[in-house]
Amino acid sequence: MEIGIQFYTLRDHCKNLDDFAETLKKVADIGYKNVQISGVCDYEPEWLKENLDKNGLKCVVTHTPPAQLKEDIVKVCKGHDIFGCDNIGLGYHDFSTSREGLTYKDFYNEYVDIIKAVKANGKYFMYHNHAKEFLKFDGKNVLEHLAEDFTADELGFILDTFWVQAGGADPAAWIEKLSGRLPVIHLKDYAFSDTFKEFNDNIAVVGEGNINFDRVFKAAEGAGVKYMLVEQDNCHGENPFDCITRSYKYLKSCGF
């Protein structure tokens, strides 16, 4: 398994192409080799390929905005061909049980053709969970419904350790449960805060919270995970480059 960084962590430093290019360099200087592109400014696929190559980086997955997925999914796939990325991710959908599963039906109807088109164009569609995916309807949670309604070669999951725990579940157990459809996972730690207002107040540097990463790493290896990407949505006023450096050092100390 290899480690990397989710660029949503660094989104405030990627609001224009010059800053984005500088951030790619800083990430490479820390030691990361793999990236997920998400939450950044608009870019052309050729520009991203050039700047990835310049810094010895590989894009292993994206979070692609829903509007782009729905407007021209073939164009999205061809763009990923240019910068050498096999996985196309969706970062969020507002699932809810308040409408008796209707929001799940909305998702299925909106994305079933997109998911099949991604496969037809040689890419892999991946869904990134938050906490709401652990809401249940018809006796199962959203992740279970997704895993049943789409085959493993149609739909993968970017399982997020923090949001699994925030949803009241066990990250390692869910990695095992979704074995074979997790090329990429997000490593995000959970450190309880006595100033808790929102879930993301508890997001911590990897290795500085309460998640049992020894179990996560063992489960990930058994489940066929290829890339474990550091993500920290909220750095609590700290410099995000300092945060991702500490996460990197922790993961290197674990042998990655």
Side-chain angles (χ1 to χ4, degrees), residues 1-66 68 79-80 83-85 87-92 126 128-130 158-163 166 183-191 198-209 211 213 226-252 256:
M1 294 184 295
E2 300 179 27
I3 61 173
I5 181 69
Q6 214 296 46
F7 260 58
Y8 186 74
T9 309
L10 306 168
R11 59 196 179 279
D12 290 338
H13 299 268
C14 299
K15 293 185 175 180
N16 59 65
L17 290 177
D18 287 342
D19 289 348
F20 187 8
E22 179 63 21
T23 297
L24 287 164
K25 181 180 184 303
K26 287 181 178 179
V27 161
D29 288 345
I30 291 170
Y32 288 104
K33 301 296 184 185
N34 302 294
V35 300
Q36 174 177 350
I37 300 303
S38 171
V40 302
C41 63
D42 290 338
Y43 59 87
E44 293 297 325
E46 294 82 2
W47 181 94
L48 182 57
K49 174 179 170 48
E50 177 184 351
N51 282 274
L52 290 170
D53 291 348
K54 185 188 300 183
N55 291 288
L57 296 171
K58 179 181 178 181
C59 179
V60 298
V61 66
T62 63
H63 276 173
T64 301
Q68 292 182 24
H80 281 61
F83 54 84
C85 181
N87 302 305
I88 297 175
L90 176 66
Y92 177 74
M126 300 183 68
H128 171 260
N129 70 283
H130 289 79
I158 308 170
L159 203 72
D160 187 301
T161 56
F162 174 91
W163 289 115
V184 180
I185 64 171
H186 282 173
L187 300 182
K188 186 184 301 178
D189 216 340
Y190 194 121
E198 302 288 345
F199 278 127
N200 67 10
D201 288 345
N202 294 334
I203 294 173
V205 169
V206 178
E208 296 183 9
I211 289 179
F213 280 110
K226 295 179 181 178
Y227 302 101
M228 302 188 298
L229 306 183
V230 170
E231 183 180 33
Q232 191 172 343
D233 311 32
N234 187 343
C235 292
H236 314 292
E238 289 193 78
N239 184 323
F241 293 101
D242 292 340
C243 292
I244 68 170
T245 298
R246 300 207 305 274
S247 290
Y248 178 82
K249 289 179 178 178
Y250 168 75
L251 291 169
K252 295 302 284 186
F256 297 105

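Residue numbers start at 1 and run along the sequence shown. All figures in this text were calculated on a predicted structure; none of them were measured in a lab.
Sorted by first and then second residue, the salt bridge (charged side-chain N to carboxylate O under 4.0 Å, His left out) pairs with a member in residues 34-46 form an empty list; sequence neighbours excluded. The salt bridge (charged side-chain N to carboxylate O under 4.0 Å, His left out) pairs that include a residue from residues 234-252 are E208-R246, E238-R246, where partners are two or more places apart or lie in different chains. Screening residues 30-41 for salt bridge (charged side-chain N to carboxylate O under 4.0 Å, His left out) gives no qualifying pairs among residues at least two apart or on separate chains.
From D160, atom CG reaches atom CD of Q6 across 9.0 Å, with rounding to the nearest 0.5 Å. Rounding to the nearest 0.5 Å gives a distance of 11.5 Å between CG of D19 and CG of L10. Going from atom CG of L229 over to atom CD1 of I5 covers 8.0 Å, rounded to the nearest 0.5 Å. The NZ atom of K226 sits 7.5 Å away from the CG atom of N87 when rounded to the nearest 0.5 Å. Taking CZ from F256 and OH from Y248, the interatomic distance works out to 13.0 Å, rounded to the nearest 0.5 Å. With values rounded to the nearest 0.5 angstrom, T161 atom OG1 is found 4.0 Å from I211 atom CD1.
With sequence neighbours left out, Y227 forms a ring pair (Phe, Tyr, Trp, His ring centres under 6.0 Å) with no residue at all. Judged as a side-chain contact (heavy atoms from CB on, under 4.5 Å), and not counting sequence neighbours, the contacts of K26 are E22, F241. Residues meeting the side chain to side chain donor-acceptor pair (under 3.5 Å) test with K25, sequence neighbours left out: D29. Among residues two or more places apart in sequence or in another chain, the side chain to side chain donor-acceptor pair (under 3.5 Å) test is passed with H80 by T62. Under the side chain to side chain donor-acceptor pair (under 3.5 Å) criterion, Q36 pairs with H63, H186, not counting sequence neighbours. Applying the side-chain contact (heavy atoms from CB on, under 4.5 Å) test to D12 and every residue at least two apart in sequence or in another chain returns K15. Here Y43 pairs with nothing under the ring pair (Phe, Tyr, Trp, His ring centres under 6.0 Å) rule; sequence neighbours left out. Among residues two or more places apart in sequence or in another chain, the ring pair (Phe, Tyr, Trp, His ring centres under 6.0 Å) test is passed with F213 by F217. The side chain to side chain donor-acceptor pair (under 3.5 Å) check on N55 picks up nothing, with sequence neighbours excluded.
Residue M126 comes nearest to P183 through the heavy atom pair CE-CD, 3.5 Å, listed as atom of the first residue, atom of the second, then distance. For I3 against N34, the heavy-atom pair with the smallest separation is O-ND2, 3.0 Å. Of all the heavy atoms in L17 and W47, the pair that sits closest is O-CZ2, 3.4 Å. C14 and F7 get closest at one heavy-atom pair: SG-CD2, 3.8 Å. Residues L187 and L251 share a closest heavy-atom pair of CD1-CD2, 3.7 Å. Among all heavy-atom pairs drawn from C235 and T9, the shortest one is SG-CG2, 4.3 Å.
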side-chain contact (heavy atoms from CB on, under 4.5 Å) assessment of V205 paired with Y250: CA-CA 9 Å; V205 169; Y250 168 75; over 6 Å; no

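Taking 4.5 Å as the limit, some side-chain heavy atom of Y32 sits within range of a side-chain heavy atom of I244.
With S247 contributing its side chain and V230 its backbone, the two residues share no donor-acceptor pair below 3.5 Å. Between the side chain of D189 and the backbone N or O of G207 there is at least one donor-acceptor pair closer than 3.5 Å. Counting only distance, with no hydrogens or angles, the side chain of N16 and the backbone of C41 share no donor-acceptor pair below 3.5 Å.
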